[in-house]
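Below is one structure, written out as structure tokens; comments come after it.
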Amino acid sequence: MRYTRHFVVYTPQIGGVRDKMTGIHTLHEIIYKLFYVYITKERDIMFEKLKKIISNSSADYTDIRYEDKTTTNIGFSGKELNTIGTNTTNGFVIRVLKKGGFATITFTKESDAIKALKIAEENAELLSRHIKKPIRLAETNVIKDNFSPKLNEDPRKISLEEKLELTRKYNAIPLQYEQIATTSTRYFDIVREKYFVNSEGSEINENLITVGTLAGLTSKDGSLLQSILSGSFGSDGFHNVRNQEENIENKTKIVLDLLKATPVQGGTYNCILNPSLAGVFAHEAFGHFSEADIIEGLPAMRAKMQIGQKMGMEKLNIIDDATMPNQLGFYKYDDEGVSVRKVHLIKNGILSGRLHSRRTAAEFGEPISGHMIAEDYRFAPIIRMGNIYIEAGDTTLDEMFEKLGNGLYIIDAKGGETAGENFTFGGQYGYIIKKGKKAGMIRDLNISGNLYQTLNDIAVIGNDFVQNKIGGCGKQQNNFRSSKGGPHILIYNLIVGGL
Amino acid sequence: MKKLLEMATKVCDQVEVFSQDDQFNKVSYENAKLHDINSHFSAGIALRIIKDGKLGFAYTRDLNSREELIENALHSLKGEVAASFQLPSYQELPNIKSFDTSIDEISSTKLVDECNRITENWKENIKAEIYVSAWTYVQKIRLLNNRGIDYTKKASWYGAFVELLFPGGASGIIGSLNSKSFTPFTESSSDEMIKLFKFGEKIVQPKSGKMKVLFMPASLNIITRRFLAGTNAKSIYENASPIKDKIGQKIFSDKLTIYTDPLNDKYIDATAFDNEGVPTSKLLLVENGILKSFYNDLDYAQKLGVKPTGHGYKNDYAGKPFPMADHLVISSGATSFEEMIKMIDRGIILVRAMGAHSGNILNGDYSVGLNPGLYVENGEIIGRVKDAMITGNCYETMKHVLAVENKPHNVGSRIPAVLFDNVSFSGK
């Protein structure tokens, strides 16, 4: 069942920059209009199909999401190409609320729809018999909309050959060096065409198009191996993966230098984190606890994380804003049909907002925010961050180094994890700072901290700002579009693991 | 599927068709209350072809358009991914019982009842935030190739995961159960968890330094993940393993024997063939501390000029096979968990860790947060450690084994607890 495959290239909202340049704009417009009629018809057929499925539901609320997901993958391991190709898959997600019980089911065959609906309803009723407090969904607007993002170069219009050549070119940069043992260089684009219908009357078609390149570089000297990541993802077109040569050159130099760097000595340090790490810090150290589904079932944490609670110094502002155009975490509607809004999570050091589903918004008695996101058709949505960032402050980097005196400067993210009040994350490389000056490169940087303490230990916030180009979060499902950002920040008393 | 194989064989030299069908049902309790029931059923088909020494790959949800699937696979040949390996031919395989028919009788109601039973038992006894989940999973795999293979596998998996969380933090004592059919979570497992939880209610802040660390089975993956990166044929081929040239050498303590055991159908997911149709067998990776072998798939076996070991597995139908050390076993030792604690003059029991996936994995380095750790002094558990990390290198740590537990825990792999000496601990 693939209703949309044959016209994906002609999605009407996509501008024709190249066509304008070659002077065929008028012809393009004609084709455009013809296809617009075709698409509108196909879209209506899809909405009708979904409405028909949920018309069989006897639940109090039902929604259904159908997705076509087309993925292009290209991958090199060292000199060898090991993956190339484009494939489309698809599937359905149904969620029902019946007598106060809420259940979800995912399936891939249209012929299973009625069976799936029945199972979900039975499970919801089973839930309703075992829970004391019926589940409610917060109210939201009925939305009828079709939305595709504006793209700067549509990846669907770029040939597989061109994508391959670009990836090959990036992969070759580090391989020129003898001490590079291997690389893992990947290109991907993921096109998700989503159709959402609920029993309240919403009908939403939104397309999410993610493009990215990611290179893992490994250097080797004797039995010592070091590794680093370079990459760029984006939600607004193929331009995000162009012009990466300089980044990869720089990272190659750093991974070679890391072979000579000193392992950091374990202990507690005052540290400056660069914007990439400050973003990961905002995501891991705090962001996950602003996701209401995380703290919903943790009464002691929920009691501590009350709106109005002081979390950090007055200059600290942390925001999630999935409406930021052109950023990786951009979207218009979440996967339960709610229009996403900018949320101030921490305002002037005070906890001031939370990321919600309709279910948690009703449970907490707080406003809905539109943060229910699924990886794809294989999953029911869960609460996710969009573009989270620490707002820039007023201190220059020079002033910050002066303020630090002795400590560590840690650069670029290398994975992180949150578990309850504690979090860890890795830095790709760093420098020992003595009297405000770099005094030698260090490696093996892993940091651990505590939610309630570490936010309070943020001492200085820089006046620069970068929203990371590499995204991702692995909370139950993968979300490539989880984006993090911030300025340089100075934090006191971070625990750094080391020998 | 046979028709797809026939059609593809007409235009390709070698053809493999892989199909997977999954059915999953999971009940979750959060804070001792029923929270969710999630169900999932899906199917998918992957086509892998080799033509003129080049590899093609495509996948789909259904067989509505065999032509399109073949066309996609042929199109991907243009990338010129080299493939000089040969798909295996048919062999008589041992009869493996990976499916227990009673799995079909485990309804959502039964899962709810079991979660409820565990939860109610604890609610009375302990001031923990209780998380419990139980699930059933049935997987069907069919693998065909044009060298005569038509293998099928059906596997059942009943699982439960239980957590006693310390209020305010969401880290806690965990327990798990993995079986081919319904198995109640036992009272003795429950009692052991309660005992550890009670020890952990008091928070202590030990001084930084080198000490003994007792890795519980769920945290030992920090070590095994790094070792398995180093024994993966891909790392060997790419010259990215620190133990590339060490076959036959003693690399670890002689207390350690590590192998994969895919044919033992007493445990979940036993299989007589891997996802490429290579017959599986027990493979010794380390025997009494001596490195014995690396594990591979067809591609890397051919690249290294060695025999395939039958470790080509996919993450799901849409993935390509890759060397994976599924069915991992660390041989049990002779010491009980209690005796191991008595052996610690100053050290940590690592229940679970944060950040196992970050850091310099290929080099074997680890640096993880305790989630949580219990602090032991003179053989007695003193309390729980928060806001601290342990750091080491797996190749170094595995040399300093003091004891291996006398009991394997079925945490997906069969892993006992292991007590190591000389691990760095950094706290506040």
Side-chain angles (χ1 to χ4, degrees), chain A residues 77-78 80-87 89-91 103-109 112 119 123 126-127 130-131 164 181-182 218 220 223-227 266-268 296-301 304 378 380 414-417 419-426 444 446 448 450 495-499, chain B residues 30-31 33-35 37-44 57-62 72 75-76 78-82 108-109 112 129 131 165 167-171 208 234 238-240 242 318 320 354-355 357-360 362-363 365 367-369 371 386-392 424 426-428:
Chain A
S77 274
E80 292 169 18
L81 178 71
N82 61 14
T83 302
I84 186 161
T86 299
N87 286 282
T89 54
N90 48 32
T104 61
I105 189 158
T106 65
F107 57 100
T108 53
K109 286 181 191 156
D112 284 336
I119 292 171
N123 284 339
L126 175 62
L127 268 152
H130 282 85
I131 52 176
L164 172 62
T182 191
T218 303
K220 191 175 188 203
S223 65
L224 178 69
L225 291 146
Q226 289 296 306
S227 62
T268 305
E296 187 186 7
L298 298 168
M301 277 194 92
K304 284 190 199 175
R378 295 171 299 165
K414 198 178 191 178
E417 189 173 353
E421 65 193 304
N422 292 110
F423 59 86
T424 64
F425 56 88
D444 305 340
N446 287 283
S448 178
N450 180 293
I495 301 165
V496 179
L499 295 169
Chain B
E30 292 189 2
N31 190 31
K33 291 194 270 288
L34 177 58
H35 191 263
I37 305 178
N38 290 307
S39 315
H40 171 80
F41 37 99
S42 69
F57 183 72
Y59 54 87
T60 183
R61 275 286 168 209
D62 48 51
N72 279 348
H75 185 68
S76 74
K78 287 185 188 162
E80 307 215 327
V81 176
S108 295
T109 307
V112 167
E129 293 173 344
Y131 274 55
L165 303 177
S171 81
S208 300
K234 179 177 186 287
E238 292 177 351
N239 191 23
K320 284 210 278 195
M354 272 180 300
H357 63 294
S358 60
N360 193 353
L362 282 173
N363 202 50
D365 299 332
S367 190
V368 295
N371 180 36
K386 292 201 325 183
D387 306 342
M389 302 184 85
I390 59 156
T391 303
S424 286
S426 315
K428 279 256 176 193

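Every chain is numbered from 1 and lettered A, B, ... according to where its sequence line falls, protein lines coming before strand lines.
Contact check for A:Asn422 versus A:Glu417: no side-chain heavy atoms found under the 4.5 Å cut-off. When side chains are defined from C-beta on, B:Asn363 counts as touching A:Leu224, because their heavy atoms get closer than 4.5 Å. Residues B:His35 and A:Glu296 meet the side-chain proximity criterion, which asks for heavy atoms closer than 4.5 Å. Annotation: side chain of A:Arg378 is not in contact with side chain of B:Ser42 (no heavy-atom distance under 4.5 Å). Inter-residue side-chain proximity for B:Val112 and A:Leu126 is flagged as met; some heavy-atom pair is nearer than 4.5 Å. Counting heavy atoms from C-beta on, the side chains of A:Ile105 and B:Phe41 come closer than 4.5 Å. In this structure the side chain of B:Ile390 reaches within 4.5 angstrom of the side chain of B:Val368, judged on heavy atoms.
The backbone N or O of A:Leu225 lies less than 3.5 Å from a partner atom in the side chain of B:Asn360, making a donor-acceptor pair.
Residue A:Ile495 touches chain B through both its backbone and its side chain, counting heavy-atom pairs closer than 4.5 Å. Within the 4.5 angstrom heavy-atom criterion, only side-chain atoms of B:Asn371, from C-beta onward, approach chain A. With a 4.5 Å cut-off on non-hydrogen atoms, A:Thr218 touches chain B through its side chain but not through its backbone. Contact of A:Leu127 with chain B is made through backbone and side chain together, with heavy-atom distances under 4.5 Å. Only the side chain of B:Leu165 comes within contact range of chain A, with at least one heavy atom under 4.5 Å from a heavy atom of that chain. Of the two parts of B:Glu238, the backbone and the side chain both hold a non-hydrogen atom closer than 4.5 Å to a non-hydrogen atom of chain A. Interface remark: A:Ile131 contributes side-chain atoms only to the contact with chain B (heavy atom separation under 4.5 Å). Heavy atoms of A:Lys414 lying under 4.5 Å from chain B belong to its backbone as well as its side chain. Only the backbone of B:Ala388 comes within contact range of chain A, with at least one heavy atom under 4.5 Å from a heavy atom of that chain.
The candidate from B:Pro242, B:Gly44, B:Gly427 with the greatest count of non-hydrogen atom pairs under 4.5 Å with chain A is B:Pro242. The candidate from A:Asn450, A:Ile84, A:Leu81, A:Thr106 with the greatest count of non-hydrogen atom pairs under 4.5 Å with chain B is A:Thr106. The most heavy-atom pairs under 4.5 Å with chain B, out of A:Ala300, A:Pro299, A:Gly78, come from A:Pro299. No other option in A:Thr268, A:Asn82, A:Ile119 has as many heavy-atom pairs under 4.5 Å with chain B as A:Asn82. Of the listed residues (B:Lys33, B:Lys386, B:Glu30), the one with the most heavy-atom contacts under 4.5 Å to chain A is B:Lys386. When each of B:His40, B:Glu80, B:Lys78 is checked for heavy-atom pairs under 4.5 Å with chain A, B:His40 comes out on top. Chain B forms more heavy-atom pairs under 4.5 Å with one residue of A:Ala380, A:Ser227, A:Gly267 than with any other, namely A:Ser227. Top candidate by heavy-atom pairs under 4.5 Å with chain B, chosen from A:Thr83, A:Thr108, A:Leu164, A:Val496, is A:Thr108.
To the nearest 0.5 Å, atoms CZ (B:Arg61) and NZ (A:Lys109) are separated by 10.0 Å.
Note: A:Phe423 and A:Phe425 have parallel aromatic rings, judged against thresholds of 30 and 60 degrees for the angle between ring planes.
Among all heavy-atom pairs drawn from B:Ser108 and B:Ile37, the shortest one is OG-CG2, 4.1 Å.
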